[in-house]
Amino acid sequence: MRPNILLLGSGWVPEVDALLDAQFECHRLAQVPPAERAAFLARVGADIRGVFTTGTAGIDAAMAARLPKLEIVAVHGVGVDAVDFTALAPRGIAVTNTPDVLTEDVADLAVALLLAASRRLPQLDRYVRAGGWEAKTPLAPGRSLRGKVAGIVGLGRIGRAVATRLEAFSMRIAYYQRSTAEVSYPRSQSLLELAAASDFLVVCAPGGAATRAMIDGAVLAALGPEGTLVNIARGSLVDEAALVAALQAGRLGAAALDVFADEPRVPAALRESGRVVLTPHVGSFTIETRTAMGRLAVDNLVAHFAGRPLPTPVVL
Ligand code: NAP
């Protein structure tokens, strides 16, 4: 009998559905009206042996408790902060993710956001569309990157790919994380020290309890009125209220954000600010990368049920 799989969340390419349907009995929670989900889970939960979920949807303790035969959770994404490991680990449930295959596209988006903020692309686009050019409405200049310091918070796979790209813009790179990386870039002793030394702070560390609200009011003030925050990591790393306050008071120059504390809700103060660039959590959202992520997540499920080693297990 084919294993029963529960799919949580959305956002993978259609090919993934076809691959999963070819191997498993698939049950898609997102296709069930919210009011009927409890009954749906009561009906299928006892048979579910695998979960396919996204980095945002993850799996919480309440959901895991409804799946007594659960053996594996395959995350379509690299971030596993929405996975409740304390509920899964005692039951020996494996967790896999999709590292590496998304690194380059997420780094590209970080650089695109940094450039959009420094050269004020959304503002310029709005200016031309609104007739400001023809009306000769005064226009504020952007800021150049050459010689500026890009501080990378979390010099892992994505952080390093961002740093490599920004070096090509003649930026100077510095970083902060807990360990010292084997790189030539200087490592700051603290996040506050990095922020004070940086013109652009690019957040690339994982979400979760250890990093919650680490980009707080003091870090933003250290980054300063001419500084720019770029966040492609997780919204949870930034104290969003402090970010809004810093932008409104002019203590921070600009922000370029792909991720938010309560997605898909974005505070009105950010949506209305003329000094922010906003994208809807699309770091890995290219057809090539989403296809590669989907295939890798499916490969993990297939390997598990075939008794083969997992291609990309999460080892905490
Ligand atoms: P990674 O290779 O594991 O790198 C993470 C880096 O963060 C590590 O070098 C780690 O170094 C550092 N770090 C961990 N905890 C830290 C802490 N408390 N303080 C400072 N630094 C810390 O992960 P990755 O593949 O680069 O992915 C990074 C994150 O990007 C993911 O977790 C995910 O949330 C996010 N992401 C977002 C998108 C998007 O669409 N916007 C797409 C993909 C990934 P130390 O352990 O030495 O501190």
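Each ligand, and each atom within it, is numbered from 1 in the order the structure gives.
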Within the 6.0 Å centroid threshold, strictly below: Phe24 and Phe52: no
List the closest protein heavy-atom neighbour of [atom]: residue, atom name, distance to the nearest 0.1 Å.
atom: atom 22 (C) of ligand 1; value: Ala205 CB, 3.9 Å
atom: atom 37 (C) of ligand 1; value: Ile232 O, 2.9 Å
atom: atom 31 (C) of ligand 1; value: Val78 CG1, 3.7 Å
atom: atom 5 (C) of ligand 1; value: Pro206 CD, 3.8 Å
atom: atom 4 (O) of ligand 1; value: Gly156 CA, 3.2 Å
atom: atom 30 (O) of ligand 1; value: Ile158 CD1, 3.6 Å
atom: atom 17 (C) of ligand 1; value: Thr211 CG2, 3.7 Å
atom: atom 11 (O) of ligand 1; value: Gln177 OE1, 2.9 Å

Is it true that a side-chain atom of Asn97 and a backbone atom of Val75 form a donor plus acceptor pair closer than 3.5 Å? no
If the contact criterion is a heavy-atom separation under 4.0 Å, does [X] count as touching ligand 1?
X: Met214; answer: yes
X: Pro99; answer: no
X: Val153; answer: no

State the atoms of ligand 1, each with its element, that fall below the 4.0 Å cut-off from a heavy-atom position in [X].
X: Ser284; result: 40 (O)
X: Leu155; result: 9 (O)
X: His281; result: 39 (C), 40 (O), 41 (N)

Quick one: do the Asn300 and Thr312 side chains pair a donor with an acceptor below 3.5 Å? yes
Side-chain H-bond candidate by donor/acceptor type, Thr286 with Asp105, under 3.5 Å: yes
Ligand 1 to Val106 polar contact by distance, N or O atoms, under 3.5 Å: no
I'd like to check whether Gly154 has a polar contact with ligand 1, where a contact means an N/O of the residue lying under 3.5 Å from an N/O of the ligand. no
Pick from Arg212, Arg178, Arg157, Arg234: the one approaching atom 1 (P) of ligand 1 most closely through a non-hydrogen atom: Arg157
May I ask which of Ala110, Gly55, Cys204 has a heavy atom nearer to atom 28 (C) of ligand 1 than the others do? Cys204
Passing candidate, side-chain contact (heavy atoms from CB on, under 4.5 Å) with Leu201, options Ile152, Leu220, Val149, Ile215: Ile215
Give me each pair satisfying salt bridge (charged side-chain N to carboxylate O under 4.0 Å, His left out) with a member in residues 160-170, each pair once, sequence neighbours excluded. Glu104-Arg165, Asp108-Arg165
I'd like to check the salt bridge (charged side-chain N to carboxylate O under 4.0 Å, His left out) partners of Arg28; sequence neighbours left out, ordered by chain and number. Asp17, Asp21
